[in-house]
Amino acid sequence: KYVGRLFYKEVGMHFKDFMHLKKIEKAKYFLLFSNKSINQIAEELSFSTQSHFSTVFKKIVGITPYKYQRNRVYYSYWVVIIVVIAQFKD
């Protein structure tokens with residue numbers, strides 16, 4: 001419990017929520033830039049089921065992994081824009 005409270009104090013979120021956030025960041029990359037299925041991604045990121053993965057993904061991103069993957073052209077465009085802007089900030 002001490003480590004959990006310390007983590008929350010330092011990071012501002014529970015460890016489980018932090019891990020979900022990190023996993024979803026990886027999932028977003030896989031959905032945009034790979035041909036892996038949603039089930040393969042869920043399994044690779046150690047979610048217990050594809051359903052659990054989809055629930056966590058939608059909670060964080062606001063849409064299902066399926067919709068996110070189907071809109072890969074739109075989202076990959078914004079990823080490129082953000083990367084370019086970030087390069088000019090330095």
Side-chain angles (χ1 to χ4, degrees):
K1 287 188 176 188
Y2 172 75
V3 174
R5 280 181 282 171
L6 184 61
F7 186 88
Y8 186 85
K9 183 179 176 186
E10 291 297 318
V11 179
M13 65 176 62
H14 297 286
F15 182 73
K16 181 179 87 173
D17 297 333
F18 177 80
M19 290 306 298
H20 280 164
L21 192 62
K22 292 298 176 187
K23 287 180 178 184
I24 296 306
E25 286 175 11
K26 284 186 179 183
K28 287 166 64 176
Y29 177 84
F30 289 143
L31 289 166
L32 292 180
F33 301 111
S34 79
N35 291 320
K36 296 179 182 190
S37 71
I38 293 170
N39 192 49
Q40 288 172 315
I41 294 168
E43 191 174 294
E44 188 168 325
L45 296 176
S46 301
F47 282 92
S48 55
T49 64
Q50 181 180 334
S51 176
H52 181 235
F53 167 67
S54 294
T55 300
V56 171
F57 189 95
K58 186 171 183 179
K59 180 180 175 186
I60 292 172
V61 179
I63 61 173
T64 65
Y66 178 80
K67 286 183 181 178
Y68 190 87
Q69 191 175 46
R70 293 297 162 245
N71 291 312
R72 76 172 66 198
V73 172
Y74 173 79
Y75 291 112
S76 57
Y77 168 79
W78 283 107
V79 168
V80 170
I81 297 277
I82 291 167
V83 168
V84 169
I85 291 171
Q87 288 177 349
F88 285 109
K89 285 179 98 176
D90 294 337

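Contacts classified as salt bridge (charged side-chain N to carboxylate O under 4.0 Å, His left out) and involving residues 44-54 (residues at least two apart or in different chains) are given here: Lys36-Glu44. Among pairs with a residue in residues 47-64, none fulfils side chain to side chain donor-acceptor pair (under 3.5 Å), at least two apart in sequence or across chains.
Remark: side-chain polar atoms of Gln69 are not paired, donor with acceptor, to backbone N or O of Tyr66 under 3.5 angstrom.
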All N/O donor-acceptor pairs, side-chain side in residues 5-29, below 3.5 Å, sequence neighbours left out:
{"residue": "Arg5", "atom": "NE", "partner": "Lys1", "partner atom": "O", "Å": "3.4"}
{"residue": "Lys23", "atom": "NZ", "partner": "Leu45", "partner atom": "O", "Å": "3.1"}

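Heavy-atom minimum distance, Ile63 versus Phe57: O-CD2, 3.2 Å.
For the pair Leu32 and Tyr68, the minimum side-chain heavy-atom distance is below 4.5 Å.
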